[in-house]
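Heads up, the thing below is written out as structure tokens.
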Amino acid sequence: MPASANGHPRNGGAAEAGSPDRQHGAADLARRIHIYRMMVEARLFEETAYRMFLGGLVKGTAHLAIGQEAIASAFAAAMKPDDLTFCTYRGHIHTLLRGAPPSRLLAELFGRDSGICGGKGGSMHLTDTSAGAMGCYAIVGAHLPIAVGAAWAAAERGTGQTAVCFFGDGATNIGAFHEALNMAAVWSLPVVFVCENNQYMEYTPIRSVTAVENPAADRAGAYGLDAILVDGNDADQMFDTARSAIEKARQGEGPSLIEAATYRHGGHSRADPGDYRPVDEVASWKARDPIPTYRERLLSEGASAEQLDDVEATAEEVINAAVEEARAAPAPPASVIGTNLWADGGSAWRN
Amino acid sequence: MPASANGHPRNGGAAEAGSPDRQHGAADLARRIHIYRMMVEARLFEETAYRMFLGGLVKGTAHLAIGQEAIASAFAAAMKPDDLTFCTYRGHIHTLLRGAPPSRLLAELFGRDSGICGGKGGSMHLTDTSAGAMGCYAIVGAHLPIAVGAAWAAAERGTGQTAVCFFGDGATNIGAFHEALNMAAVWSLPVVFVCENNQYMEYTPIRSVTAVENPAADRAGAYGLDAILVDGNDADQMFDTARSAIEKARQGEGPSLIEAATYRHGGHSRADPGDYRPVDEVASWKARDPIPTYRERLLSEGASAEQLDDVEATAEEVINAAVEEARAAPAPPASVIGTNLWADGGSAWRN
Amino acid sequence: MAELITYRDAVGRALAQEMERDETVYLIGEDVAAAGGVFKTTPGLRERFGPRRVRDTPISEEAIIGAAMGAAMNGLRPVAEIMFSDFLATCWDMIANQIAKTRYMTDGQVELPLVIRTANGAGVRFGAQHSQSLENWAMAVPGLKVVAPSTPQDLIELLAASIRDPDPVVFFEHKALYPTSGPVDDGELVGELGKAAVVRTGGDVTIVALAAMVPKAVAAAEILALQGVEATVVDLRCLVPLDTQTLLKACSQTGRVFTVEENPRLCGWGAEISSIIMEEAFFDLDQPVVRITTDHIPLPSADALEDATIPSAERIVDIVSRTLD
Amino acid sequence: MAELITYRDAVGRALAQEMERDETVYLIGEDVAAAGGVFKTTPGLRERFGPRRVRDTPISEEAIIGAAMGAAMNGLRPVAEIMFSDFLATCWDMIANQIAKTRYMTDGQVELPLVIRTANGAGVRFGAQHSQSLENWAMAVPGLKVVAPSTPQDLIELLAASIRDPDPVVFFEHKALYPTSGPVDDGELVGELGKAAVVRTGGDVTIVALAAMVPKAVAAAEILALQGVEATVVDLRCLVPLDTQTLLKACSQTGRVFTVEENPRLCGWGAEISSIIMEEAFFDLDQPVVRITTDHIPLPSADALEDATIPSAERIVDIVSRTLD
Ligand SMILES: Cc1ncc(C[n+]2csc(CCOP(=O)(O)OP(=O)(O)O)c2C)c(N)n1
Ligand SMILES: Cc1ncc(C[n+]2csc(CCOP(=O)(O)OP(=O)(O)O)c2C)c(N)n1
Ligand SMILES: [Mg+2]
Ligand SMILES: [Mg+2]
């Protein structure tokens with residue numbers, strides 16, 4: 001099990017688990033607590049990012065995944081260290097949970113020199129290739145074909161990697177979705193497509209612009225794939241689904257398309273209050289918040305309150321330390337503007 | 001029933017037919033003979049175009065629809081005069097059968113001044129808006145969203161028009177297909193999508209690059225539509241299918257997606273011999289040539305040999321006359337190069 | 001009477017004016033209707049003109065632009081919004097290959113009166129995929145008219161003119177200008193495409209700018225004035241049609257021309273203008289036309305880097321002064 | 001020993017050379033494998049390197065280019081064919097927004113060693129959507145290298161260099177040149193990106209050309225020589241990196257520069273070159289840089305019209321002579 005840059009084990013929980021059906025043994029509980037730890041840390045990261053946005057430290061924009069943590073956490077637990085994650089602009093926590101150092105993620109959000117992309121990416125473009133976090137993509141749908149390509153290379157090189165590609169419900173209506181799914185299926189590639197259906201595009205409900213009820217699952221058949229519709233707020237169900245899709249990919253049995261029903265607690269981005277959504281809809285989803293739900297379940301299934309309290313306290317320390325570190329980092333010097341366009345380190349277009 | 005520019009009635013046969021189920025009455029026979037006439041004329045047009053290509057009169061390229069005539073003919077018969085046709089570079093006969101004058105079509109293929117697009121379009125870009133032939137589109141998939149737009153305008157303006165959009169099997173794997181189908185379904189637009197599945201892209205069999213067996217029909221469900229798979233070489237079945245889809249559109253009941261199984265007798269374009277196809281596959285499809293098959297059926301169901309001979313002879317005259325006319329036309333003068341980029345008739349980009 | 005309104009509100013005002021006048025004008029795009037646009041440029045239009053004329057779409061840029069094209073072929077005058085100009089790339093075939101070429105390829109049979117509105121440009125820390133200045137992409141494609149206003153009044157006049165124009169127009173709204181305000185005349189406003197504005201007159205140098213670079217050029221001119229250098233500032237407003245007369249006149253009056261482009265350097269509109277001036281006013285020039293552009297790099301997102309990358313008033317002043325030394 | 005081969009065959013030879021050398025080089029595209037390419041540039045490669053390394057794709061340009069990008073991120077060196085350069089528009093987001101920007105946006109974390117090969121240009125009567133010269137589209141996007149060879153030898157050398165280059169390259173093959181032949185050296189051939197070729201030397205004027213315009217420029221130079229005008233002809237070969245040294249040197253030697261572009265005029269590469277020469281060699285010039293381009297229109301398909309639209313040797317001669325008068 002690899003240690004992430006900040007000392008927390010992240011990927012690889014899956015390797016320990018005995019069987020695809022969840023066992024309620026000790027190893028299983030440890031893994032579930034690990035998932036819980038990730039969810040808590042993700043939530044804290046996002047809440048912090050939001051505070052920092054309101055405080056003017058995060059410039060531009062930020063898209064939070066508060067409410068959607070079970071999906072990212074379960075997948076991070078199910079993936080091997082060298083598996084590859086592709087996600088969207090709503091990608092802070094996917095990047096974090098694969099093992100990118102939180103201080104450098106925050107520094108990137110703040111536009112600091114120590115940012116994970118040196119301040120050139122920003123909130124919508126976090127990448128940490130050393131953690132298998134292959135980027136957040138800000139143009140809807142673009143990363144689906146890219147993930148297909150990464151999976152293609154994995155298959156050809158026989159690396160045993162799986163590419164996991166997260167996207168929103170809104171992405172299911174763009175052409176790149178269709179092309180990527182078809183090619184992945186025809187070439188039988190090790191890629192897992194995960195639609196995080198949080199019910200909304202920016203402000204528009206997905207059902208008002210989609211010809212089918214379940215924007216991903218109801219289209220799986222168009223690519224010869226099974227319809228997989230799961231509760232994205234149930235970390236255990238997500239983990240089992242993730243594990244079996246990744247296992248299928250690894251066995252050379254081709255892609256999967258998973259639709260995970262979830263909800264973002266806040267608005268689409270920045271300071272959007274999200275008030276285009278019915279109050280009771282928001283309330284009913286908040287009642288199904290994946291984190292407290294999971295806490296209760298773990299408590300009733302063998303975890304101690306102390307253990308979980310400790311997880312929470314540690315997470316808080318980690319994030320607080322990251323904030324301090326990021327705040328202290330200087331702005332990047334203007335000299336980096338011309339670096340790293342080309343492999344030679346520069347950006348010259350002429351001799 | 002409108003007369004086309006060369007004096008032959010084309011569109012509107014459908015208006016006469018009594019009921020959506022084919023009746024074997026006199027009006028019905030007349031309509032079927034009309035369809036036969038169109039198929040014969042289409043075949044002759046394409047054979048002529050091919051001869052002219054080999055003779056160096058058609059420059060550039062040409063994509064023939066020999067073997068696929070039943071689809072274009074049945075639809076042309078089922079469409080009202082103001083319905084709109086969108087087709088591909090394989091669009092000579094769709095344009096012809098909506099009523100474009102054959103001499104001006106040939107002239108366009110020859111690059112002559114009297115060409116239907118003044119020599120600016122060419123074989124892949126035939127348009128005759130006065131006949132409702134809204135263009136041949138040479139970039140795969142592009143015209144599906146455009147047809148959606150035309151249908152959208154029809155719906156908003158309450159014109160009662162239906163847009164019919166023909167495309168190949170290969171087009172079902174491009175993003176624009178997906179976007180167009182979804183939007184048409186969500187907006188419930190009067191558009192009929194017709195996949196002419198001739199089994200091949202250029203040289204690649206469609207089944208080798210598509211995740212489902214029936215590239216269009218097996219994807220209808222992804223847009224909440226019924227799977228409609230028909231024999232594209234059976235003119236009667238095509239007509240019934242066309243009529244009911246158009247009727248559905250006209251009633252405001254939304255789009256249809258039809259997959260018509262067919263085959264091109266020749267190669268993809270120009271002088272391609274099409275020899276990447278198994279000999280017996282070609283033979284078995286040629287045995288199901290829509291034209292002789294239909295001739296036999298009509299003969300057995302009430303048409304006289306004389307009637308059909310007459311249809312054939314007339315078609316031959318029409319096409320021969322068109323060839324003479326087109327051959328006699330001069331090349332366009334260089335002065336037209338700068339015309340008709342803008343609505344003011346010119347092409348100035350500056351003052 | 002002139003009222004002060006924002007560039008953002010000018011968009012809605014122009015659309016309302018035209019939708020009121022002509023019932024074939026429709027607006028479609030992602031989040032344009034119920035939400036009033038992600039940049040809040042179109043609030044209230046759906047309520048005013050109804051949910052059919054102002055309509056939210058799926059995230060399907062090809063379908064949005066394709067639908068606009070097909071509708072324009074069949075009697076509507078659609079205005080389609082592409083949320084960020086960067087996303088023009090996702091439907092570039094529709095724009096560059098279909099819309100731009102169809103009238104010509106059909107020898108005038110098909111008219112395409114449509115407008116593609118899009119939020120363009122940098123300055124709000126959105127990073128490389130949400131900040132591009134892409135007017136030159138559209139300028140390079142024959143058959144597209146290209147408009148990029150810098151003030152609320154121009155925005156209204158030119159958006160109205162674009163909607164009335166029988167040809168397809170790509171209309172670039174600059175997202176950094178949305179919160180800026182300016183005086184706007186009362187009543188119906190309709191401008192003319194292809195007319196540059198001389199927004200400041202001075203005999204020493206000419207600074208040619210577009211969209212968000214116009215206020216920067218004006219600010220630079222004011223600083224230069226303090227240094228005794230008087231600048232004419234030309235706001236191009238349209239790249240196609242291009243007002244070469246105004247340009248060449250300013251060039252002959254000052255003999256020194258500077259272009260200020262927000263786009264990365266290579267093949268920017270400034271290159272075209274430089275080459276036109278070269279070919280047609282060479283002997284009026286006291287010095288070469290100097291191009292001030294964003295470096296030829298994707299735009300970095302950090303505020304410190306973004307600010308140092310885009311041309312600023314200071315950089316303009318600096319380059320102009322150094323050239324005159 | 002130099003053998004005479006066609007530009008078409010040079011493509012296959014370069015690919016075979018590189019695929020033999022490096023097993024991470026893969027070729028994908030529509031009809032590239034079983035059929036050997038619609039332009040017959042890749043016959044035999046599938047048989048030689050197997051159906052996994054040479055693979056037919058669906059008609060899914062975004063997936064083709066996206067797959068190339070993702071594969072380049074994960075250890076392959078893919079070569080992706082886009083059948084006609086016009087179709088670059090259907091995957092322009094992948095090229096201009098994703099591939100071009102990713103190394104920079106990740107501050108160097110992601111390397112994208114990939115090549116996009118495409119058949120570019122006019123002259124074969126395919127009409128406006130299958131004949132464009134789009135090198136300037138790629139040149140305008142920071143992060144793309146842009147190559148457009150004019151001879152079989154250059155094609156091999158530069159395609160090999162592009163495949164070995166660690167950065168993404170858009171490689172424009174000119175479809176009217178496929179049947180032309182030229183001498184090609186034996187053995188492994190690898191060139192260098194960013195070097196222009198001086199294909200003819202003369203002291204009176206410099207003609208700068210690219211791809212299919214190179215033989216036309218040379219033909220023009222030969223006619224001009226008969227008229228007593230000696231021309232230097234520069235074949236740019238690459239637009240990015242751009243060999244400005246060779247350009248500026250030729251410019252200073254002749255003082256008179258003509259660019260010959262197949263693309264429609266606005267924002268073509270000639271504009272950029274004109275502006276560079278303007279800024280850096282103004283006082284070397286005896287006359288303005290003159291741009292000879294295709295008119296700013298979509299390309300008509302009729303042979304008579306196409307021939308009259310694209311720059312010809314005669315038009316080049318005519319313009320050069322008139323300028324010198
Ligand atoms: C091609 C493209 N179109 C539009 C946008 C603007 N945009 C950014 S996020 C978004 C909504 C995406 O919704 P969804 O896919 O459901 O993801 P979510 O934000 O809900 O996670 C839109 C329209 C974009 N970034 N890219
Ligand atoms: C976007 C795009 N990609 C590739 C091509 C090249 N091309 C032209 S026709 C064709 C095959 C199309 O096959 P299909 O859709 O089945 O139509 P058919 O030719 O069989 O009628 C291809 C790949 C194109 N014109 N447009
Ligand atoms: Mg969503
Ligand atoms: Mg086909």
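Numbers restart at 1 for each chain; the letters A, B, ... are given by sequence-line order, proteins then strands. Computed from a predicted structure; not experimentally measured.
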Quiz item: Considering all heavy atoms of both residues, which atom of A67(C) and which atom of W152(B) are nearest to each other, and what is their separation?
Solution: O-CE3, 3.9 Å
Quiz prompt | Residue pair E62(C) / G175(B): nearest heavy atoms and the distance that separates them | solution = OE1-C, 4.0 Å
Quiz item: Measuring heavy-atom distances to chain C, does I337(B) have an atom under 4.5 Å in its side chain, in its backbone, in both, or in neither?
Solution: both
Quiz prompt | Closest non-hydrogen atom pair, D56(C) against W187(B) | solution = O-CZ2, 3.8 Å
Quiz prompt | N/O donor-acceptor pair under 3.5 Å between Q109(C) side chain and T127(B) backbone | solution = yes
Practice problem: Could you walk me through whether D107(C) and T339(B) pass side chain to side chain contact (heavy atoms under 4.5 Å, CB included), step by step? | Solution: CA-CA 8 Å; D107(C) 204 24; T339(B) 64; 4.2 Å; yes
Self-check item: Positions in residues 342-351 of chain B that reach chain C, provided some heavy atom is under 4.5 Å away
Solution: W342(B), A343(B), W349(B), R350(B), N351(B)
Practice problem: Examine whether an atom of P113(C) lies under 4.5 Å from a heavy atom of chain B, and if so say whether it belongs to the side chain, the backbone or both; otherwise answer neither. | Solution: neither
Quiz item: So which of E23(C), R52(C), R55(C) has the biggest tally of heavy-atom pairs under 4.5 Å with chain B?
Solution: R55(C)
Quiz item: Under the salt bridge (charged side-chain N to carboxylate O under 4.0 Å, His left out) test, which residues partner E279(C), sequence neighbours left out?
Solution: R265(D)
Self-check item: Atom NZ of K249(C) with >12 non-hydrogen neighbours under 6.0 angstrom
Solution: no
Could you pull out every donor-acceptor pair under 3.5 Å between side chains of residues 134-143 of chain C and any protein atom, sequence neighbours left out?
residue : atom : partner : partner atom : Å
E135(C) : OE2  : N120(C) : ND2          : 3.0
N136(C) : ND2  : C267(C) : O            : 3.3

Exercise. Measure the spacing between NZ of K120(B) and CZ of R103(C) and express it to the nearest 0.5 Å.
Key: 10.0 Å
Quiz prompt | Q161(B) to N74(C) - nearest heavy-atom pair and separation | solution = OE1-ND2, 3.0 Å
Self-check item: Value rounded to 0.5 Å, distance of OG1 in T24(C) from CZ in R157(B)
Solution: 8.5 Å
Self-check item: Interface moiety of E61(C) toward chain B, non-hydrogen atoms closer than 4.5 Å
Solution: backbone
Exercise. Quick one: closest heavy-atom pair of A63(C) and M183(B), and the distance?
Key: CB-CE, 3.7 Å
Quiz prompt | For R291(C), all residues meeting salt bridge (charged side-chain N to carboxylate O under 4.0 Å, His left out), sequence neighbours excluded | solution = E261(C), E272(D)
Quiz item: Do side-chain atoms of Y104(C) reach the backbone of G338(B) as a donor and acceptor pair under 3.5 angstrom?
Solution: no
Self-check item: Per-residue contact mode, K145(C) against chain B (heavy atom under 4.5 angstrom)
Solution: both
Self-check item: Contact origin within L84(B) toward chain C - heavy atom pairs under 4.5 Å
Solution: side chain
Exercise. Name the member of A180(B), C117(B), G135(B) that forms the most heavy-atom pairs with chain C at distances under 4.5 Å.
Key: C117(B)
